[in-house]
Student: 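I have a structure I would like to understand better, so I am pasting it below and will then ask my questions one at a time.
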Amino acid sequence: MERREFLNLGALLAGGALLTSRVAFGHADERRSRLVLILMRGALDGLAAVAPYGDRDYAALRGEFALRAPGEAGGALPLNGFFGLHPSLEFLQQCYAARELTVFHALATPYRERSHFDGQDVLENGSPRAHALQSGWLNRALARSPGRAQREAGVALGQNVPLVMRGPAEVTSWSASKLGALDEDTLARITDLYAGDPLLSVRLADALTADAIAGADGAGNAAAIAPEAAPRDMSAAGTPARPPKANGARYAEVVRAAAGFLRQEAGPKVAMFDTTGWDTHANEGAAQGQLAGRLAALDQGLATLKQELGPVWSDTVVLLVTEFGRTAAVNGTRGTDHGTATAALLVGGAVAGGRVIADWPGLSARALYQGRDLAPTLDLRSVLKAVLQEHLLVPPRELERTVFPDSGAARPLRDLVRT
C-alpha cells in the first residue's frame, strides 16, 4: 500500500512509518552480516572526492579545483601517496587508517551515455541496458542468499522503494512522517477504530512496530530536515537539492532509522537509502564550497551510523555508489558536467580495508575517455559481485545467471570483506 493511500484512510501515525509488507521478521541468519547501500544520485565527482594528486596532469586539468597534496593548506587527506580523500571526509580517512575503508577508482557501470535517469536505471537493475529489467540486483540477491525464507530481509528508507530493492524478495520500507506527533489517547482511539478491519489493523500495527524499531522521533526530525532559505541547485531527479545543513539532519535521521532496523537480532540484514545533490554543474568548489558541504554532511552521517550500530558495526559493510562520474576538466560555470568513470567507497567494520583499488588510466589528453572523462578500467559489477558473494553468501552461479545477467566479463574481485 502506498503511503498516500494509507494516509487517506486516516492513519495519522505519531512517528511516521511506511511499510510495503509486514514487519514479521524471521529468525536471524547464522551469519550476522549486514549491508548498507547508499546511492549517490546525480553523479558524484570522483576526482574531487578521491583526488589523484599524484597524477602529473591532475593539477593542470583541474585548475582551481585541484586539491593540494596532504600536509599543505587545503590539501587532501592522505591515503596511499597517490590518492587522497577530500578534506571534508575526515571520518572516512579515520576508517582508512583503521583498515575499515576500501576506495575504488576509475570504475563505472556498463552505461556509457550521460542521462541521469538511464544511468541510474542501469545502476539499479543490474543489467548492461537501461530499462531492461523491472527488478533490482539487490532484491534478486536477497532472494537467493541464505535465509531467503526470512520475510523482509531488506529495508528501504525513503518515501518510495527504489528499483534496486524491487523484485521477488519481500522488503519493508520506512519513511519519516511530516505529520505532528499524536498523543497516546488519540492513537488508542485510532487503534480501536481499526480493530475490526483485518487490513487496516494489520497495517497500523506494522507501521507502529517499524516506527519503534527505527527509533524515529516524529515531527521533531521532520521539522529539522525542512529546506533552509539558501541557494539550491537542481538534483538528478529535477528537484531542488537540500542545502548542506538540511542534508546533515536528514542523514542523521535516516542512518539512525537504518541502525535501528539492523541492530535487531532477527531484523533485516540489508538497508538502503539514496542521497541527492551531487549534480554539481555550477559553483562546485574545491576544498571549500558546495560539494565540500555535501561531503561533510555525508561523512558525519556515516560517523553517526557507526555510533548507532554499536557492536553491529563489526558485521557491517556500507557501499556508496553513483550512476557515473563527471568531466575531468572544469566547465565555464565553475562546475563539472556529466562524465563516465568515478569513485566508489566500501566502508565498515567487516571491510578488509586500508586500500585503494584502481587500474589508473591517467589524466593525459590521450588517456581521457572521449577526450573529456576519466576512463573506466574497473566494472562496478565486479565490486558488487564480490560484496554479495563474500558478505551475503550469494552463490556465484546466481550472481552470473540471475543477479547480474550478461556480466560474465565482470569477474568479481576478491578479499574485500573480512572472513
Student: Can you tell if the side chain of Q93 reaches within under 4.5 Å of the side chain of P70, non-hydrogen atoms only?
Tutor: no

Student: Which heavy atom of P128 sits nearest to which heavy atom of D406, and what is that distance?
Tutor: CG-O, 3.8 Å

Student: Give the intermediate values and the outcome of side chain to side chain contact (heavy atoms under 4.5 Å, CB included) for residues L378 and H105.
Tutor: CA-CA 8 Å; L378 174 62; H105 219 319; over 6 Å; no

Student: Are Y53 and L67 packed together at the side-chain level, in the sense that at least one heavy-atom pair is separated by less than 4.5 angstrom?
Tutor: no

Student: How long is the span from the CG atom in D274 to the CE atom in M272, to the nearest 0.5 Å?
Tutor: 5.5 Å

Student: Measuring from L392:CG to S145:OG, what's the distance to the nearest 0.5 Å?
Tutor: 6.0 Å

Student: Donor-acceptor pair, distance only, cut-off 3.5 Å: does the side chain of Q307 make one with the backbone of A303?
Tutor: no

Student: Write down the atom of A287, the atom of A292, and the distance for their closest heavy-atom approach.
Tutor: O-CB, 3.4 Å

Student: Carefully, step by step, assess T304 and R256 under the rule side chain to side chain contact (heavy atoms under 4.5 Å, CB included).
Tutor: CA-CA 7 Å; T304 300; R256 288 189 179 109; 4.2 Å; yes

Student: So does L92 get a backbone contact from the side chain of D299, meaning a donor-acceptor N/O pair under 3.5 Å?
Tutor: yes

Student: To the nearest 0.5 Å, tell me how far L291 CG sits from L44 CG.
Tutor: 7.0 Å

Student: Will you find, in the side chains of R140 and T402, an N or O donor that is under 3.5 Å from an N or O acceptor?
Tutor: no

Student: May I ask you to decide if G277's main-chain N or O and R294's side chain share a donor-acceptor pair within less than 3.5 Å?
Tutor: yes

Student: Find out whether D337 and H281 are in side-chain contact, i.e. whether some heavy atom of one side chain is under 4.5 Å from a heavy atom of the other.
Tutor: yes

Student: Please confirm whether the backbone N or O of V417 pairs with a side-chain atom of E390, one donor and one acceptor, at under 3.5 Å?
Tutor: yes

Student: How far apart are the closest heavy atoms of L61 and A328, and which atoms are they?
Tutor: CD2-CB, 3.3 Å

Student: Under 4.0 Å between a side-chain nitrogen and a carboxylate oxygen: does that hold for R355 and D415?
Tutor: no

Student: Just one of R372, R114, H116 clears the side chain to side chain donor-acceptor pair (under 3.5 Å) bar with H338, so which one?
Tutor: H116

Student: Salt bridge check, R334 against E64: does any charged N sit closer than 4.0 Å to a carboxylate O?
Tutor: yes

Student: So V356 and V50, do their side chains get closer than 4.5 Å, heavy atoms only?
Tutor: no

Student: Report yes or no: does D55 contribute a side-chain atom to a donor-acceptor pair with the main-chain N or O of D57 at less than 3.5 Å?
Tutor: yes

Student: Nearest 0.5 Å, please: how far is CD in E398 from CD in Q389?
Tutor: 12.0 Å

Student: So, applying side chain to side chain donor-acceptor pair (under 3.5 Å) with E284, which one of T336, N331, T333 is it?
Tutor: T336

Student: Output the distance between atom CG (D373) and atom CG (L368), rounded to the nearest 0.5 Å.
Tutor: 7.5 Å

Student: Please identify which of these residues, L262, V255, L319, L157, meets the side chain to side chain contact (heavy atoms under 4.5 Å, CB included) condition with V36.
Tutor: L262

Student: Hey, are the side chains of T109 and E323 touching, using non-hydrogen atoms and a 4.5 Å cut-off?
Tutor: no

Student: How about T102 and V383: do any of their side-chain heavy atoms sit closer than 4.5 Å?
Tutor: no

Student: Identify the heavy atoms of Q290 and A282 that sit nearest to each other, and give their distance.
Tutor: NE2-O, 3.0 Å

Student: Let's go through Y111 and D121 carefully: what are the C-alpha distance in whole Å and the side-chain angles of both, what is the deciding distance for side chain to side chain contact (heavy atoms under 4.5 Å, CB included) to 0.1 Å, and is it a yes or a no?
Tutor: CA-CA 10 Å; Y111 183 70; D121 195 90; over 6 Å; no

Student: Give the ring-plane orientation class for W360 versus F83, where under 30° counts as parallel, over 60° as perpendicular and anything between as tilted.
Tutor: perpendicular

Student: Nearest 0.5 Å, what's the CG-CG distance between L138 and L384?
Tutor: 9.0 Å

Student: I need the minimum non-hydrogen distance between A130 and V122, along with the two atoms involved.
Tutor: N-CG2, 3.4 Å

Student: Is R411 salt-bridged to D379, cutoff N-O under 4.0 Å?
Tutor: no

Student: Near R68 CZ, under 6.0 Å, is it more than 12 heavy atoms from other residues, nucleotides or ligands?
Tutor: no

Student: Looking at V351, is its backbone amide N or carbonyl O close enough to the side chain of R418 to form a donor-acceptor pair, meaning the two atoms are under 3.5 Å apart?
Tutor: yes

Student: If you count heavy atoms of other groups shown closer than 6.0 angstrom to CD of Q134, is the number above 12?
Tutor: no

Student: I'd like to know if the side chain of S115 reaches the main chain of D118, judged simply by a donor and an acceptor atom lying under 3.5 Å from each other, with no hydrogens or angles considered.
Tutor: yes

Student: Taking the side chain as everything from C-beta on, heavy atoms only, tell me whether T316 gets closer than 4.5 Å to L305.
Tutor: no

Student: Quick one: does R166's side chain have a donor or acceptor within less than 3.5 Å of a partner on V161's backbone?
Tutor: yes

Student: Hey, is the main chain of R34 close enough, under 3.5 Å, to the side chain of H391 for a donor-acceptor pair?
Tutor: yes

Student: Evaluate W137 against V164 for side chain to side chain contact (heavy atoms under 4.5 Å, CB included), listing each step before the verdict.
Tutor: CA-CA 6 Å; W137 60 264; V164 71; 3.5 Å; yes

Student: Begin with the C-alpha distance, continue with both residues' side-chain angles, and end with the deciding distance and a verdict on salt bridge (Lys or Arg N to Asp or Glu O under 4.0 Å) for R326 and D279.
Tutor: CA-CA 9 Å; R326 309 198 70 80; D279 197 16; 3.1 Å; yes

Student: Which atom pair, heavy atoms only, marks the closest approach of V347 to L320?
Tutor: CG1-CD1, 4.1 Å

Student: If we ignore hydrogens and angles and just use 3.5 Å, is the side chain of H86 paired with the main-chain N or O of A286 as donor and acceptor?
Tutor: yes

Student: Between T377 and D359, is any side-chain donor less than 3.5 angstrom from a side-chain acceptor?
Tutor: no

Student: With a 4.0 Å cut-off, would you call K385 and E400 a salt bridge?
Tutor: yes

Student: Are the side chains of M40 and L298 in touch, meaning some heavy atoms are under 4.5 Å apart?
Tutor: yes

